[in-house]
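First the proteins, then the strands, lettered A, B, ... as listed; each starts at 1.
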There are 2 protein chains.
Amino acid sequence: MAQQKPVERHSGVSLWRQIADRIRVSIADGEFRETGRLPPAFDLADRFGVNRHTVRAALAFLAEEGLVESIQGHGTVIVGGRQLTLPISKRTRFSAGLGDQASSVATRLLNSSELPAPAEVASLLQIAPERPVIEVEEAGYVDGRPVSCSQHFFPADRFPDIARHIAATGSITRAFAACGLPDYLRHSTEVSARHADARERELMKLSPGAIVLETRAIDTDLDGRPVQCSRTRFSADRISLRMTA
Amino acid sequence: MAQQKPVERHSGVSLWRQIADRIRVSIADGEFRETGRLPPAFDLADRFGVNRHTVRAALAFLAEEGLVESIQGHGTVIVGGRQLTLPISKRTRFSAGLGDQASSVATRLLNSSELPAPAEVASLLQIAPERPVIEVEEAGYVDGRPVSCSQHFFPADRFPDIARHIAATGSITRAFAACGLPDYLRHSTEVSARHADARERELMKLSPGAIVLETRAIDTDLDGRPVQCSRTRFSADRISLRMTA
DNA sequence: TGTGATTTGTTCGTATGTATA
DNA sequence: TTATACATACGAACAAATCAC
């Protein structure tokens, strides 16, 4: 197998790391779905134009992540999964959006607290600064693998028990319903991309240097009043976003 | 100055590279806008918990990119710019969307060609496979710095002269108008993030390992018929996207 | 005009990580 | 596994340029 895109030397990123990153996205793209395992290390070394030892270092790194498993005399089998698409629309919902692409979608409440609204949050929620807000942190899982972590702010005056309902129902949509808000709309979503920080890497089991897609969103009720603002980080290896007008 | 987030050792990414990346986003966030220059290398070394040499390697890398300039005895001044936000809506337009955030916004046509529609493009444009399409490649500039590169496909049956009009007017919106389409709407936008490849790095003058935001979009006329599909890559350091319902 | 404080630039040496054969 | 070459990171010193006073 001939090499496709050469690997970058002297870029400050070691070759084994670049190769691991590229194999990871190949797996996410479903490139090795037929065989369920990676080509032999010798072929990979040839494809990337590096020494076989370097490929072995990359595979050891991916094995450490739990994405592949190397078996003596057999090969390197793929354990993890491929990329999913989350639709972003007026009715953006995490579970419903991913539900038909995976067998299980779940969120887990990490913690919640009540605090005076920081200036930016107050502005986004259109409430007076220092009015109380409920902050909720969640993690999102698809087929048991963590794919997102998020931070949500709700006006405490209007939804004083939202955290309890989220804990009980495991869903923000259902928690809103329990608070007397049967439907809500996505007003705006801002998307950016950057490297994951230490906490995101820990929550989503990412390797150093992994990329996250960050969305900052505002949801409103049907009258256009803000009901939550949120900041969600998705593992870019596992999730892409689709905006539909 | 105490260190904030520690730098990752033994991650396969060199320390100078991590530090360069973090300083780059700090600059994009406007953290040093007051002084217009970076703190002394000694302070940065202390903040990141590394040797001054390591910070110097990071600064040399950023200087190579043209983002900063080190002057002996004086300091390290910031030359490049901050992050811009491109609104994505039903009427997404590159120039108009960024126009009020910068003094100059421009696009440059890189090349164009006519070819039979690849299967995916034909499907997105809702035309028969192998029907001719016009492919146009563009680069986008803000204040003279490249921020995006894009690939556009138009149905050749309906817009046979689109490439000529784009070249003449420097604008897809105006080229459509010249082809008898005064208005068009953004139907859907899919966003993902990944590392820039060699060509993108060259076109946008990015460093190895830089992140791009990739959008895949479909535009339609007012009757809902697709008029173009496109794939645009933005330098994630310079551009973020905002979706508004 | 000078003088010291600040800040970048340079040169040793040494230890460890990375990549190849 | 071993050997070799090069990149990365640290520490200590010193040189050179700039600025405030």
Side-chain angles (χ1 to χ4, degrees), chain A residues 1-24 38-65 70 72-73 76 195 207-209, chain B residues 1-24 26-27 31-80 195 207-209:
Chain A
M1 200 178 295
Q3 75 178 74
Q4 354 199 63
K5 276 180 207 167
V7 75
E8 314 282 342
R9 287 165 196 269
H10 316 121
S11 66
V13 183
S14 59
L15 302 188
W16 62 262
R17 183 54 141 75
Q18 297 179 50
I19 291 167
D21 289 343
R22 283 173 54 172
I23 291 176
R24 199 190 297 107
L38 298 181
F42 182 85
D43 292 357
L44 289 172
D46 190 43
R47 177 198 304 203
F48 293 115
V50 301
N51 193 279
R52 196 170 61 87
H53 289 306
T54 309
V55 168
R56 284 179 51 75
L59 296 182
F61 184 69
L62 293 175
E64 186 77 21
E65 284 181 29
S70 289
Q72 172 98 239
T76 304
H195 288 112
S207 50
Chain B
M1 200 178 297
Q3 74 178 75
Q4 354 198 65
K5 277 180 206 163
V7 70
E8 314 282 341
R9 288 168 194 268
H10 315 120
S11 67
V13 183
S14 61
L15 302 188
W16 62 261
R17 186 53 143 69
Q18 297 179 49
I19 290 166
D21 290 342
R22 283 172 55 172
I23 291 176
R24 201 190 294 107
S26 291
I27 291 173
E31 187 175 335
F32 311 109
R33 211 176 312 164
E34 296 178 18
T35 61
R37 45 181 228 173
L38 298 180
F42 183 85
D43 290 358
L44 289 171
D46 191 42
R47 177 195 307 198
F48 291 115
V50 301
N51 192 276
R52 189 170 70 96
H53 285 303
T54 308
V55 168
R56 281 181 51 74
L59 297 182
F61 185 68
L62 293 175
E64 187 78 21
E65 286 182 26
L67 187 58
V68 302
E69 197 170 329
S70 289
I71 300 160
Q72 177 161 161
H74 179 66
T76 303
V77 302
I78 297 167
V79 187
H195 287 113
S207 49

Counting only side-chain heavy atoms from C-beta out, which of D:dC10, D:dT8, D:dC19 sits nearest to B:His74?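 When the side chain of B:His74 is considered, D:dC19 is the closest of D:dC10, D:dT8, D:dC19.
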
Can you tell me how far [atom2] of [N] sits from [atom1] of [X], to the nearest Å?
{"X": "B:Gln72", "N": "D:dC19", "atom1": "CD", "atom2": "P", "value": "12 Å"}
{"X": "B:Arg56", "N": "D:dA7", "atom1": "CZ", "atom2": "C1'", "value": "17 Å"}
{"X": "A:Asn51", "N": "D:dT1", "atom1": "CG", "atom2": "P", "value": "15 Å"}
{"X": "A:His10", "N": "D:dT8", "atom1": "NE2", "atom2": "P", "value": "7 Å"}
{"X": "A:His53", "N": "D:dA3", "atom1": "NE2", "atom2": "C1'", "value": "12 Å"}
{"X": "B:Phe42", "N": "D:dA13", "atom1": "CZ", "atom2": "C1'", "value": "14 Å"}
{"X": "B:Phe48", "N": "D:dA9", "atom1": "CZ", "atom2": "P", "value": "14 Å"}
{"X": "B:Ile19", "N": "D:dA9", "atom1": "CD1", "atom2": "C1'", "value": "10 Å"}

Counting only side-chain nitrogens and oxygens, does B:Thr54 get under 4.0 Å of the OP1 or OP2 atom of D:dC10?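 So the side chain of B:Thr54 is within the cut-off, an N or O lying under 4.0 Å from OP1 or OP2 of D:dC10.
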
Below 4.0 angstrom from OP1 or OP2 of D:dC10, is there any side-chain N or O of B:Arg9? yes

For residues 67-79 of chain B, tabulate all N or O donor-acceptor pairs below 3.5 Å that involve a side-chain atom, not counting sequence neighbours.
{"unit_1": "B:Ser70", "atom_1": "OG", "unit_2": "B:Thr76", "atom_2": "OG1", "d": "3.1"}

Identify the two heavy atoms, one from [X] and one from [Y], that lie closest to each other, and give their separation to 0.1 Å.
{"X": "A:Arg9", "Y": "A:Gly49", "value": "NH2-O, 3.3 Å"}
{"X": "B:Phe32", "Y": "B:Pro39", "value": "CE2-CD, 3.6 Å"}
{"X": "A:Ala58", "Y": "A:Ala20", "value": "CB-N, 3.8 Å"}

Quick check for you: name the first and last nucleotides of DNA chain C, 5' to 3', having an atom under 4.0 Å from a heavy atom of chain B. C:dT7 to C:dG17

Does A:Gln18 reach the main-chain N or O of A:Glu8 with its side chain, forming a donor-acceptor pair under 3.5 Å?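 Yes; judged by distance alone, with no hydrogens or angles, the pair exists.
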
Any heavy-atom pair between the side chains of B:Phe61 and B:Ile23 that's under 4.5 Å? no

Picking from A:Val55, A:Asn51, A:Val50, what satisfies side-chain contact (heavy atoms from CB on, under 4.5 Å) with A:His53?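 When side-chain contact (heavy atoms from CB on, under 4.5 Å) is applied between A:His53 and each of A:Val55, A:Asn51, A:Val50, only A:Asn51 qualifies.
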
Categorize B:Ile71 for me: base, sugar-phosphate, or nothing, with a 4.0 angstrom heavy-atom threshold over every strand shown. sugar-phosphate

